Engineer: 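What follows is a single structure, and I will ask about it in a moment.
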Amino acid sequence: MLNLPQEFLDKMEKLLGEEYEEFLASYEQPRWHGLRVNTKKITAQEFEELVPFQLKKIPWVENGYYYEEQDAPARHPFYYAGLYYLQEPSAMTPASILPVYPGERVLDLCAAPGGKATELGAKLLGEGVLVANDISASRAKALLKNIEVSGIPNAFVTNETPAKLAEQFTEFFDKILVDAPCSGEGMFRKDPAVARAWDAQKPFACAKQQKEIISRAAQMLAPGGKLLYSTCTFSPEENEEVIAYLLEQRDDMELLDIPQYEGFAPGTGLTKCVRIFPHKMPGEGHFLALLGKKSNDLSGGETGSAADGKQKRAALRKKVQTLPTAKKQAKTEQDILNSFLKDVSMSAKNFRLEIRKGQAYYVPEAIGERKGLTFLRNGLYLGEVKKDRFEPSQSFAMALKKEEYTAVVDMDYHDERVIKYLKGETIDVDNIIGTREKGWQLVCVNGYPLGWGKVSSGTLKNKYHSGWRMKC
C-alpha cells in the first residue's frame, strides 16, 4: 500500500470514525482514469459513437467517462483535435456543478492547467467571456495551450494576483470558480509525490492563502451570482473553515444547496457542502461548496439564470450589430486579412477585430478595456499579417468547424497520414484535396480540425504548430 504520513492517517481516523478502515482500504485499489468530452466541439453521444476506446460513463458528470489506461487516449488524434480533456473523475465535479450559460461573464481564478476552465468555456459556447487566471507564469502558459486546443475563442487568459484582478473586476462576474491551491490530500493515490511532500503544517499555511483568495473572489462576484469553491484535500481547515470564514466576513454571501448524487458526503458541520471520498465514489478526494451573493434586485431576479443569460446576449447583439474593422491600421493589412477571411464563415458576433503590430485578434466585447493587467491572450489569436499575405494561427484552426472554411483536407483517424501530420511531416494529399488545389487548407481528422497546411501539386506543406507536435 502507498506509504502515507502517520499524522495524516491519525487525522483521517479522527475525521472518519467508523469509516476509517474502509477509507484506508481504498488506497490498495488502483486509481481511476477519466476524460471529459469537450461539448464545444462534439456531443457526448457523437463522441461515444466515434471513438474506439472502452468507455464507462461517470454517473454524476454528464460528459465524463472512465477509460482504460491501455487505450492511451493522449496519443490519439482526437486528443490533438481537442475533442476531450484528460481529467481525474472527481476533479470534473466543480465545473459540472457550477451553472454557466452562454453570454455570461465567468472567472476561473486559479485555472491552470485548464481542466475546469475548458469546461466552463465549453458551456459558454463562444458567447460572453471567460477570464482564466493563474498566478504562476509557467502554469498560465499551459493553461493557454489547453484553452486554445479546446477551441475557446472568448477567453481572457491572465497571470495576476487575485488582489490585482479584484481592483478591476469589482462585482463583474456572474459565475466564479475557485479551485484553490491546497495540501492535495485527496490526490495521494493519484500522485504519491504529493504524499511525500505533505507535512502537518501545510493545511494551515494553505488555509491562510485560501481565505485571501475566496475573499477576493467574493469581491468580484456580481449580486445574484454564484461562486463554486473547491479543493482536492480533506482538511477541514482548508474546506469548511474557509467557507465559515467567508460567511462571517460577508453577510451578502450565503451557502447554497448542491445537487446530490449517491456517494456525495455532507460537509463537516456545513452540511450543504459536499465531500467526495475514494471509499464512497470511484474517484479521488474532493471538496465543494456553492455560494451565492444576495441580489440587489428587489424583484428577486438572479444573475445566473438562463433567462438573464438570454437578456445579456440580446443586449450585446443590439450593441454590436456588425463586426467593426480595426482602427488606425494600414489599409493593406486590413485588405490582406479580409482576403483570407472571405473564405471563413465563422460567426464573430460580440467580438471586435483588432490588428496590433501585425497580429490579428477577435477580442470579446464583454471584457471591455482592461489596462494594467498581465495577460497572455485576450480573445482569439487569428494569425499574423505579413508583407503580402496572412499566416493563420493554430488557435484559429482549433476554433473553427470543418464547415466554416472553404478548403479542407479531411482524413480518417486510421489513415497513417494523420500521425505524420501531427509529427510535422509533409504528406501527399493528392487523393483527398478539398475544394482548392493550392493554398491554405484546414486539416481535419474525421471532420474535426487539427491545424493548417498549404497545398501545392498534391503535397501538403505542414503548418502544424511546432510546439504541439506529437513526439515519437
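Hydrogens, waters and symmetry mates play no part in the numbers below; they use all other heavy atoms, side chains included. Keep in mind that this is a model prediction, so the values were computed, not measured.
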Engineer: Does either side chain, that of E48 or that of Y65, offer a donor lying less than 3.5 Å from an acceptor on the other one?
Structural biologist: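 A donor-acceptor contact under 3.5 Å links the two side chains.
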
Engineer: Rounded to the nearest 0.5 Å, what separation is found between the OG1 atom of T426 and the CZ atom of R417?
Structural biologist: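 If I round to the nearest 0.5 Å, the distance is 13.5 Å.
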
Engineer: Please list, chain by chain and in numerical order, all residues satisfying side-chain hydrogen bond (donor to acceptor under 3.5 Å, both in side chains) with Q29, sequence neighbours excluded.
Structural biologist: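 In terms of side-chain hydrogen bond (donor to acceptor under 3.5 Å, both in side chains), with neighbours along the sequence ignored, Q29 is linked to no residue.
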
Engineer: For the atom pair OH (Y80) and CE (M398), what is the distance rounded to the nearest 0.5 Å?
Structural biologist: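 These two atoms lie 11.5 Å from each other.
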
Engineer: Do N446 and D412 get their side chains close enough for a donor-acceptor pair, meaning under 3.5 Å?
Structural biologist: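 There is such a pair between these side chains.
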
Engineer: Ignoring hydrogens, what is the shortest heavy-atom contact between K164 and L373? Give both atom names and the distance.
Structural biologist: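 That would be CG-CD2, 3.9 Å.
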
Engineer: Less than 3.5 Å apart, which donor and acceptor atoms pair up between the side chains of residues 179-189 and the rest of the protein, not counting sequence neighbours?
Structural biologist:
{"unit_1": "D179", "atom_1": "OD1", "unit_2": "S230", "atom_2": "OG", "d": "2.7"}
{"unit_1": "D179", "atom_1": "OD2", "unit_2": "K116", "atom_2": "NZ", "d": "3.2"}
{"unit_1": "S183", "atom_1": "OG", "unit_2": "T233", "atom_2": "OG1", "d": "2.8"}
{"unit_1": "S183", "atom_1": "OG", "unit_2": "E238", "atom_2": "OE2", "d": "2.5"}
{"unit_1": "E185", "atom_1": "OE1", "unit_2": "T233", "atom_2": "OG1", "d": "3.2"}
{"unit_1": "E185", "atom_1": "OE1", "unit_2": "F234", "atom_2": "N", "d": "3.3"}
{"unit_1": "E185", "atom_1": "OE1", "unit_2": "S235", "atom_2": "N", "d": "3.2"}
{"unit_1": "E185", "atom_1": "OE1", "unit_2": "S235", "atom_2": "OG", "d": "3.0"}
{"unit_1": "E185", "atom_1": "OE2", "unit_2": "K11", "atom_2": "NZ", "d": "2.7"}
{"unit_1": "E185", "atom_1": "OE2", "unit_2": "W198", "atom_2": "NE1", "d": "3.0"}
{"unit_1": "E185", "atom_1": "OE2", "unit_2": "S235", "atom_2": "OG", "d": "2.8"}
{"unit_1": "R189", "atom_1": "NE", "unit_2": "E284", "atom_2": "OE1", "d": "3.2"}
{"unit_1": "R189", "atom_1": "NE", "unit_2": "E284", "atom_2": "OE2", "d": "3.2"}
{"unit_1": "R189", "atom_1": "NH1", "unit_2": "S26", "atom_2": "O", "d": "2.8"}
{"unit_1": "R189", "atom_1": "NH2", "unit_2": "G283", "atom_2": "O", "d": "3.3"}
{"unit_1": "R189", "atom_1": "NH2", "unit_2": "E284", "atom_2": "OE2", "d": "3.0"}

Engineer: Salt bridge or not for R389 and E391, using N-O below 4.0 Å?
Structural biologist: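 Yes, this pair counts.
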
Engineer: Give a yes or no on whether Q359 atom CD has more than 12 heavy-atom contacts from other residues, nucleotides or ligands under 6.0 Å away.
Structural biologist: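 Enclosed: over 12 neighbouring heavy atoms sit under 6.0 Å from CD of Q359.
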
Engineer: Centroid separation under 6.0 Å, is that true for the rings of F78 and Y84?
Structural biologist: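 For Y84 and F78, the ring centres are not under 6.0 Å apart.
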
Engineer: Without hydrogens or angle criteria, can the side chains of N239 and T231 be said to hold a donor-acceptor pair below 3.5 Å?
Structural biologist: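 Side chains of N239 and T231: pair found under 3.5 Å.
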
Engineer: Looking at G128 and N154, what are the two nearest heavy atoms and their distance?
Structural biologist: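 Closest approach of G128 to N154: O-ND2, 3.3 Å.
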
Engineer: Looking at Q260 and I258, would you say the former's side chain and the latter's main chain have a donor-acceptor pair under 3.5 Å?
Structural biologist: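 Here the side-chain-to-backbone pair exists.
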
Engineer: Less than 4.0 angstrom from a charged side-chain N to a carboxylate O is my criterion; do K123 and E104 meet it?
Structural biologist: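 Judged by the 4.0 Å cut-off on N to carboxylate O distance, K123 and E104 do not form a salt bridge.
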
Engineer: Can a cation-pi geometry be assigned to K56 and Y67, taking NZ or CZ under 6.0 Å from the six-membered ring centre and within 45° of the ring axis?
Structural biologist: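 Because its charged atom misses either the 6.0 Å distance or the 45° angle limit, K56 does not stack over Y67.
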
Engineer: Donor-acceptor pair, distance only, cut-off 3.5 Å: does the side chain of N133 make one with the backbone of C110?
Structural biologist: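 Pair absent, no side-chain N/O of N133 close to backbone of C110.
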
Engineer: In terms of the angle between their ring planes, are Y362 and F351 parallel, tilted or perpendicular, with boundaries placed at 30° and 60°?
Structural biologist: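 Tilted: the ring planes of Y362 and F351 meet at 30° to 60°.
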
Engineer: Cation-pi between R469 and Y464: NZ/CZ under 6.0 Å from ring centre and within 45° of the ring axis?
Structural biologist: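 The answer is no, since R469 fails at least one limit relative to Y464.
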
Engineer: May I ask you to check whether W452 and F340 place their ring centers less than 6.0 Å from one another?
Structural biologist: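 Yes - the distance between ring centres of W452 and F340 falls below the 6.0 Å cut-off.
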
Engineer: Okay, side chain of T170, backbone of A166: is any donor-acceptor separation there less than 3.5 Å?
Structural biologist: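 Looks like yes, one N/O pair under 3.5 Å.
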
Engineer: Looking only at heavy atoms, what is the nearest atom pair of R377 and E148, with distance?
Structural biologist: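 R377 and E148 have their closest heavy atoms at NH2-OE2, 3.0 Å.
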
Engineer: Could you tell me whether R352 and E354 have a side-chain N and a carboxylate O separated by less than 4.0 Å?
Structural biologist: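 Yes, charged N to carboxylate O under 4.0 Å.
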
Engineer: Looking at F172, does the NZ or CZ of R370 lie under 6.0 angstrom from its six-membered ring centre and within 45 degrees of the ring axis?
Structural biologist: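 Ring-cation test returns yes.
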
